[in-house]
Structure formats: structure tokens, C-alpha cells
Protein chains: 2
Amino acid sequence: MTDLDMASTSTAPRYMALAEALRSRIAQGDPDVGQLLPTEHALCETYSVSRHTVREALRMLAEAGLIARRRGAGTVVVARESRQRFAQHLGGVDDLMQYARDAQLTPLAQDTGPLDPAVARALGVNVSGVFLHVHGLRGRVGEPAIALTDMYIRADLAPEVQAFVDLNGAVTEWIAQQRGVPTARIEQSISAGALTEREASALKASPGEAALRTRRRYFDKGGRIIALSDSVHPAQRFTYEMVLQREAED
Amino acid sequence: MTDLDMASTSTAPRYMALAEALRSRIAQGDPDVGQLLPTEHALCETYSVSRHTVREALRMLAEAGLIARRRGAGTVVVARESRQRFAQHLGGVDDLMQYARDAQLTPLAQDTGPLDPAVARALGVNVSGVFLHVHGLRGRVGEPAIALTDMYIRADLAPEVQAFVDLNGAVTEWIAQQRGVPTARIEQSISAGALTEREASALKASPGEAALRTRRRYFDKGGRIIALSDSVHPAQRFTYEMVLQREAED
DNA sequence: CGCGAGACTTTGTCCGGACATGTTTGTCTC
DNA sequence: GAGACAAACATGTCCGGACAAAGTCTCGCG
């Protein structure tokens with residue numbers, strides 16, 4: 001069944017029928033996770049539909065989280081199934097950070113250049129390109145800082161440093177608006193560790209004190225890196241809270 | 001500003017600029033909730049763009065939950081602002097725990113009774129009733145344990161202890177099936193701390209070593225507590241990973 | 001005056017085309 | 001073998017058009 005003869009058996013639009021056909025193929029591993037889907041042009045021929053219809057179907061699959069599309073490279077399968085039972089909903093990236101709205105970023109240092117290999121390794125990425133790196137403290141005026149943070153923003157997307165500081169961390173939302181590159185996916189890891197002397201000094205805490213470390217990778221729709229961050233929080237000053245709600249069954 | 005001259009000030013696509021212009025209007029109540037947006041045709045003329053571009057912009061606003069579109073009737077504003085942007089989706093509670101499937105629970109102690117006030121305080125609850133308490137280690141056979149955990153399950157819902165152990169932590173799913181009480185909401189907090197001597201001894205780690213502490217509260221539909229848990233993980237053995245996807249809202 | 005049918009309006013589906021932008025591959029030169 | 005550059009490939013943006021489907025309005029008839 002390559003031609004879409006769904007019209008004869010249901011009233012579903014063609015792009016929905018195509019999305020379903022592709023979803024079914026992906027669920028069977030054809031193609032599997034990590035592999036490329038046929039190109040839009042090929043799908044037009046295989047299923048005898050216009051490119052518009054193919055694009056609509058692919059958009060649905062992308063929104064379902066099954067595929068990621070990259071201009072020039074193609075469309076890769078990222079998940080076999082959409083598995084949604086519990087969900088944590090966040091208003092925006094700043095909710096993810098869990099800092100109070102008035103927690104300001106105080107830059108301590110900045111530079112622009114390729115990512116240091118040790119930094120890339122710590123953040124779990126293998127990425128080339130130039131990044132704006134801003135190192136600073138995060139906290140309310142007059143209170144102990146809650147985070148010592150390093151942000152790395154792709155230089156081609158980054159604002160000016162002072163504008164970055166004024167954004168108080170909402171840089172990915174600025175990039176979405178001003179650069180037309182919205183964040184589509186965020187990977188965060190949370191781990192425990194002990195503060196180094198340098199970290200403790202900047203945070204006015206004790207060396208060796210327990211700390212929470214949060215690392216984030218921000219990706220665009222095509223899976224390319226937008227920004228990275230690495231923050232450390234003294235244990236006494238920060239706890240990460242999350243709420244998950246059960247969702248309706250599909 | 002009716003023509004889209006965004007191209008001269010940013011690289012954002014036209015449909016995004018239009019979506020932003022309309023989102024801004026809606027935020028200002030022009031049109032207000034319950035009122036109709038101008039038709040697609042009118043927007044094409046007002047903003048000097050094709051219908052395709054208008055439709056893309058409207059699709060974005062619809063996905064953001066700001067508008068609802070009805071064939072033949074028009075497009076109505078349903079919300080002034082979008083409040084939900086990102087979500088973390090989990091297949092089930094065991095995904096939340098992030099233990100390998102074969103990570104077994106070894107009980108070290110158990111008892112049944114009311115919640116100790118200190119425990120209740122640590123877990124952020126004020127609850128009466130009787131709980132089955134199981135204290136144990138979690139890890140793969142032959143490997144260092146990754147968690148020392150205390151689980152508290154409402155006694156009226158709890159399985160037998162041996163059955164509980166066989167469930168390997170998926171007790172809330174057993175309760176959903178066998179007791180007809182599904183978990184509707186989970187609250188989790190993640191913090192850093194240092195291992196106590198007792199904890200370090202059980203985990204075969206060093207006292208004072210940095211550790212991640214995860215605490216969870218499981219609620220049913222009516223907001224009543226089903227279970228509680230408090231786990232501590234040596235830093236070197238466990239990192240909490242999460243992935244958030246940008247999503248449409250309903 | 002109320003109801004139904006038809007006309008008109010508005011969004012949804014689907015086609016086609018062109019050009020832009022980013023990625024990958026191939027070729028050439030040092 | 002490495003680097004630079006060009007060409008080919010693949011998706012993204014944007015235009016235009018036609019027809020379908022659903023909703024609203026108007027007019028005529030009972």
C-alpha cells in the first residue's frame with residue numbers, strides 16, 4: 001500500500017493518513033531510531049501526494065516527538081513511539097531554572113570562541129562552532145547567590161553581552177523571537193557534588209560543601225544546539241522541585 | 001505598523017513575525033477573549049502577506065492555545081496569554097525513578113505504623129493514617145547500590161512486603177491495578193547533601209560524601225496521599241536526567 | 001412570525017511553483 | 001592527507017490557485 005487510498009475507506013485528510021502510515025512504519029522500525037526517513041520528494045512519489053501533504057504529515061510526526069527534521073540533512077527518527085503518561089508542564093525556560101523572577105545575573109567573565117573540549121565533555125556534547133561564554137553569579141540583590149553559572153550561546157544567535165545580562169537568563173526566548181530559532185527540546189541533568197575552592201569562593205560558601213549541579217542542553221527543531229549551561233548551587237540554597245500530572249490516555 | 005517590516009530588523013520568518021504581532025495585539029485585548037480575529041483574507045491585506053503565511057501564523061497561535069479556528073465562522077480569541085510551553089513526558093513512575101529495570105530492591109527493615117513526625121516534616125506532608133514503611137537498598141546484583149531508600153505506602157493500599165519487594169518499586173502501578181487507585185499527581189524534590197555515617201555505611205560509601213536526595217509524594221485524584229519516598233544516592237553513582245520537549249497546549 | 005433552503009462567508013485541504021538556507025559530498029590544490 | 005570551495009541535496013519559507021466543508025445570514029413560503 002503505497003498509494004493513499006484512505007479516502008475510499010474514511011474521511012480522514014490525506015496528510016493524516018500519511019502521518020499514520022509513517023507512524024506505523026516507524027513503530028515497526030522501518031526506519032529505526034537514528035535512521036533517516038525517505039526525503040520529502042521520495043515520499044511524494046511513493047505515496048502519490050503533493051509536497052504540501054507530505055510536509056503536513058511530517059509536521060505532525062515532529063510535533064509528536066517521533067522525528068527531527070534538518071534542512072539539508074533530512075529527517076531522522078528519534079523515537080519509535082510517543083509515550084506519554086505523566087507530564088511536567090512548565091511555563092517557560094525560566095520556570096525550568098526555578099529562580100525567582102528578580103534573581104539577577106551578575107557576569108564575572110565572558111569570552112567568545114570554540115567550546116573547550118573539557119567543557120564539551122562535561123556537558124555531554126560534541127559540537128563545533130563559536131560560542132559566547134558568560135560566567136556569572138545568579139541571585140537576588142542582598143542575598144547569598146544561589147548559583148554560579150556558565151552559559152554558552154551559539155555566537156551566531158547570541159545577543160550583545162549587556163543585552164544578555166538584561167535578559168536575566170531568558171536568552172533562549174530572545175533567540176526564539178529575534179532569531180526565529182525557538183527552543184524545541186531541552187535536556188537537563190541534575191547531579192550532586194562538592195564545591196571546589198574556586199566555586200566556593202565565588203559563592204561565599206565552604207569548599208567541599210555539598211552542591212547540586214544542573215547542566216542543560218538546548219536544541220532547536222532540527223536537533224542542533226542553541227545553548228548550553230552548567231550551574232552549581234550550594235545545597236542549602238536551592239532545591240529542585242517538580243510536579244507531574246497524570247495525562248489522559250491516548 | 002501593518003506591513004511586516006520585521007525582515008529589516010531580524011532574521012525571523014514572516015509567519016513568526018506575524019504570529020508575534022497578533023500575539024501582542026491579543027495580549028493587549030485587541031481583539032479580546034471571546035471576540036473574532038480579522039479573517040484570513042483581511043489579515044493578508046492588512047499585513048501584505050500570502051494566505052499561506054497568515055495560516056502558518058494562526059496555526060502557531062492555535063497551538064499556543066490563544067485562538068480557536070472554526071471553518072465558516074472565523075477565528076476567536078480564547079486566551080490572552082499562553083502559559084504552557086515545555087513538558088517532560090514520562091511513560092510511567094519507574095521512568096521517574098530512573099533506575100535500570102534490573103535494579104533490585106533489597107529490604108533492610110520494615111514496619112507499619114503512623115508516620116514519624118520528623119519523617120513527615122522532611123517529606124513536606126502533614127498526614128495521619130498508617131503506613132507500611134520499607135527501608136532498603138536499590139541496585140543491581142554485584143554492583144554498588146545506587147540508592148538507599150525509604151518508602152512509605154498507605155497501609156490500606158499496600159501489598160504484602162514480599163510482593164512489594166517483587167514489584168521492584170513499581171508499587172504505585174500495582175495499587176492502580178489491584179486497588180483501583182491510580183496515581184494522578186507526583187511531587188518530587190531533588191536536593192544535594194552529604195551522606196551521614198549511617199547512610200554511608202549502608203551504601204558502602206564515605207561519610208560526608210556528596211549525594212543527591214530525591215523525595216517524592218504520590219497523590220490520587222482526590223489529592224490524598226498514596227505513598228511517599230525518600231532516597232539518597234551517592235553522587236558518583238547517579239545523575240538525574242530529564243528531557244523536555246516544546247509542546248502545543250490544549 | 002417561524003422555519004427551511006439557498007446563498008454567502010470563512011476556514012480546511014491539496015495542488016503547484018519558486019527561491020532561500022543549511023548540510024553533505026565531491027573535487028582540486030597545496 | 002588536509003583544507004577550501006563548489007555543486008548537489010534536502011528542508012524551510014513564501015507565493016498563488018482551486019475546491020471542500022462547515023457556519024452564518026437572508027429571503028421566501030407557509
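Letters A, B, ... mirror the listed sequences (proteins, then strands); counts begin at 1. Remember, it's a predicted structure, so these values are computed and weren't measured experimentally. When reading the values below, keep in mind they use all heavy atoms of this one structure, side chains included, and skip hydrogens, waters and symmetry mates.
Summarising the geometry, the separation between CZ on A:R55 and P on C:dG12 is reported as 19 Å, rounded to the nearest angstrom. Look at CG on A:D156: it is 12 Å from C1' on C:dG22, rounded to the nearest Å. The NE2-P distance, from B:H41 to D:dG16, rounds to 12 Å in whole Å. In this entry the distance linking NE2 of B:H52 with C1' of C:dG12 reads 14 Å, nearest Å. Rounded to an integer number of Å, the gap from CD of B:E56 to C1' of C:dT11 is 15 Å. If you measure from atom CG of A:D220 to atom C1' of D:dT11, you get 13 Å, rounded to the nearest angstrom. For the pair B:E40 CD and C:dT9 P, the interatomic distance rounds to 15 Å; values are reported in whole Å. Summarising the geometry, the separation between OH on A:Y47 and P on C:dC15 is reported as 15 Å, rounded to the nearest angstrom.
Residue B:R14 places its side chain closer to D:dC14 than to any other of C:dC14, D:dT11, D:dC14. Distances from the side chain of B:T39 to the nucleotides C:dT11, C:dC15, D:dC15 place C:dT11 closest.
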Would you tabulate the pairs of protein nitrogen or oxygen atoms and nucleotide nitrogen or oxygen atoms of nucleotides 22-24 of chain D closer than 3.5 angstrom?
{"residue": "D:dG23", "atom": "O4'", "partner": "B:R71", "partner atom": "O", "Å": "3.0"}

Distances under 3.5 Å between nitrogen or oxygen atoms of protein and nucleotides 2-8 of chain D:
none

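B:R55 pairs by the side chain to side chain contact (heavy atoms under 4.5 Å, CB included) definition with B:E40, B:R51, B:R69, not counting sequence neighbours. Legend: residues meeting ring pair (Phe, Tyr, Trp, His ring centres under 6.0 Å) with A:H52, ordered by chain and number and at least two apart, are absent. Taking the salt bridge (Lys or Arg N to Asp or Glu O under 4.0 Å) definition, one finds that B:D30 meets it with B:R25, sequence neighbours left out. Checked against side chain to side chain contact (heavy atoms under 4.5 Å, CB included), A:A73 has the following partners two or more places apart in sequence or in another chain: A:R70. Judged as a side chain to side chain contact (heavy atoms under 4.5 Å, CB included), and not counting sequence neighbours, the contacts of A:H41 are A:T39, A:E45. By the salt bridge (Lys or Arg N to Asp or Glu O under 4.0 Å) test, A:E187 pairs with A:R185, A:R217, sequence neighbours left out. A search for side chain to side chain donor-acceptor pair (under 3.5 Å) contacts involving B:D220 returns nothing, not counting sequence neighbours.
For C:dT11, the OP1/OP2 oxygens have a side-chain nitrogen or oxygen of B:T75 closer than 4.0 Å. In this model, the phosphate group of C:dC14 is not approached by any side-chain N or O of A:Y15 to a distance below 4.0 Å at OP1 or OP2. Contact check, A:T53 against C:dC15: a side-chain N or O comes under 4.0 Å of OP1 or OP2.
Using modelled atom types, no side-chain atom of B:H233 and backbone atom of B:F238 make a donor-acceptor pair closer than 3.5 Å.
Across all strands shown, A:R59 has no heavy atoms under 4.0 Å from either base or sugar-phosphate atoms.
Side-chain atoms of A:Q188 and A:Y218 form no donor-acceptor pair, as typed in the model, at a separation below 3.5 Å.
Between A:R51 and A:V54, the residue anchored nearer the 5' end of DNA chain C, judged by the nucleotide with its closest heavy atom, is A:V54.
Side-chain contact between B:D32 and B:V77 is absent, with no heavy atoms from C-beta onward closer than 4.5 Å.
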